[in-house]
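Keep in mind it's a predicted model, so treat the numbers as computed, not measured.
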Amino acid sequence: MWLFDIIYAMHSRALALPLLLTATLAGCAGPIGMPTGSAGSPPPGSTPWLVSGAPSRDRRAPSGAGDSGPGAPLAEGTAAGTFLPFPRSARAVTYDPRAVPPGATAQVSIARTATGTTVRLTAAGLVPRRAYGAHLHTRTCTATPADAGPHYQHSPDPMAAASPPSVDPAYANPRNEVWLDFTADTRGAASVTARVAWTFDEVEPPRSLIVHAEHTRTAVGKAGMAGPRVACLTLGPR
């Protein structure tokens, strides 16, 4: 009997050891697939709390949002540029470097008022004491001066529709157009303001400022003429 008791005791201890190991290991583990600690909490101590991965699609801005694509032409606001020969500059183009030296600058500010529109032109780097003509035109600047079109008119001259420019003083005048003639000072700078009793069309506002070689004429048959186009500044995005 004593031999049987010894064998029985050894067998019972052998069975108890795996059960004890199983219980001990079970107490060290959390749920399957999850690290120790509460779900979603940051790591303990000073370990950085990092979030990785791309943002969800529904939180992104709509396609194209924030892009600086082409906008509307300038009906109100400010446009500025530094004159250079085309194609070095397409926004501010000098067609005659002797009259408008490369590096000269211009800024046009357009503001609506209670009585109409105020347009202010400031320029620098021009030929000192030289006289210039300047008007707002209907199209943007290109390598060809004539591409900027005729003067922008509040009431278009019907006789000039087929063959611009308008030279009838009833239409080609500073009340129906925007004239900004000036004479540069001893440093080649100038500032001039024009005021008209109307506002620009929001769909078809003026698209450019043309600088001419001479002051603007007013005689019948020559009204609005100011010599060759020596520079052009596009108003608003091209």
Between Thr193 and Val119, does a side-chain contact (heavy atoms from CB on, under 4.5 Å) hold up when you go through it step by step? CA-CA 6 Å; Thr193 300; Val119 182; over 6 Å; no
Hey, could you give me the CG/CG distance between Asp168 and Asn173, rounded to the nearest 0.5 Å? 9.0 Å
Between Asp147 and Arg139, is there a side-chain heavy-atom distance shorter than 4.5 Å? no
If I compare all heavy atoms of Ala226 with all of Gly133, which pair ends up nearest, and what's the gap? CB-CA, 4.5 Å
I'd like to know if the side chain of Thr113 and the backbone of Gly116 have a donor-acceptor N/O pair within less than 3.5 Å. yes
Linked, directly or transitively: Met159 and Val167 (ILVMFWY side chains, under 4.5 Å): no
Is it the case that one hydrophobic cluster holds both Met225 and Leu180, taking links as side-chain heavy atoms less than 4.5 Å apart, direct or via other members? no
With sequence neighbours excluded, residues passing salt bridge (charged side-chain N to carboxylate O under 4.0 Å, His left out) with Asp185: Arg187
So, Ser208 and Thr234: side-chain donor and acceptor under 3.5 Å apart, yes or no? no
Non-hydrogen side-chain atoms of Thr118 and Ile110 separated by less than 4.5 Å: no
The criterion is ring pair (Phe, Tyr, Trp, His ring centres under 6.0 Å); which residues satisfy it with Tyr132, sequence neighbours excluded? Phe182
Any side-chain heavy-atom pair of Val230 and Tyr95 under 4.5 Å: no
So NE2 of His212 and CH2 of Trp179: to nearest 0.5 Å the spacing works out to 10.5 Å
Derivation of the side-chain contact (heavy atoms from CB on, under 4.5 Å) call for His215 and Thr183: CA-CA 9 Å; His215 276 174; Thr183 298; 3.5 Å; yes
Would the distance check show the side chain of Asn176 and the main-chain N or O of Ala172 forming a donor-acceptor pair, the cut-off being under 3.5 Å? no
Side chain to side chain donor-acceptor pair (under 3.5 Å) between Arg120 and Ser191, worked out: CA-CA 7 Å; Arg120 181 179 178 82; Ser191 179; 2.8 Å; yes
Keeping Thr117 on the side-chain end and Trp198 on the backbone end, is there a donor-acceptor pair under 3.5 Å? yes
So, taking the atom named CD in Glu204 and the one named OG1 in Thr138, what distance separates them when rounded to the nearest 0.5 Å? 8.5 Å
Side-chain heavy atoms nearer than 4.5 Å, only ILVMFWY residues, links allowed to pass through others: does that put Leu121 and Val196 together? yes
Interatomic distance, OG1@Thr105 vs CG@Leu126, rounded to 0.5 Å, equals 7.5 Å
Is the side chain of Thr94 donor-acceptor paired with the backbone N or O of Leu84 at a distance under 3.5 Å, no angle test? no
Would you sort out whether Phe200 and Val178 count as a side-chain contact (heavy atoms from CB on, under 4.5 Å), showing the intermediate values? CA-CA 11 Å; Phe200 298 148; Val178 178; 4.1 Å; yes
By the disulfide (SG to SG under 2.5 Å) test, which pairs, at least two apart or in different chains, include something from residues 185-234? Cys141-Cys232
Parallel, tilted or perpendicular: which describes the rings of His137 and His151, with under 30° parallel and over 60° perpendicular? perpendicular
Asp181 side chain to Ala134 main-chain N or O, any donor-acceptor pair under 3.5 Å? yes
Donor-acceptor contact present, side-chain Arg229 to main-chain Pro145, <3.5 Å: yes
Residue pairs fulfilling disulfide (SG to SG under 2.5 Å) with at least one residue in residues 182-212, sequence neighbours excluded: none
Keeping to residues at least two apart or across chains, list the salt bridge (charged side-chain N to carboxylate O under 4.0 Å, His left out) pairs with something in residues 93-116. Glu76-Arg112, Asp96-Arg98, Arg112-Glu202
How many angstroms lie between CG in Leu235 and CG in Leu136, if you round to the nearest 0.5 Å? 6.0 Å
Out of curiosity, Ser166 OG to Gln153 CD, how far, rounded to the nearest 0.5 Å? 4.5 Å
Pairs in or reaching into residues 211-222: which pass salt bridge (charged side-chain N to carboxylate O under 4.0 Å, His left out), with residues at least two apart or in two chains? Glu214-Arg217
Side chain of Tyr171, backbone of Pro158: donor and acceptor closer than 3.5 Å? no
Between Leu233 and Val100, is there a shared hydrophobic cluster once you connect ILVMFWY residues whose side-chain heavy atoms come closer than 4.5 Å? yes
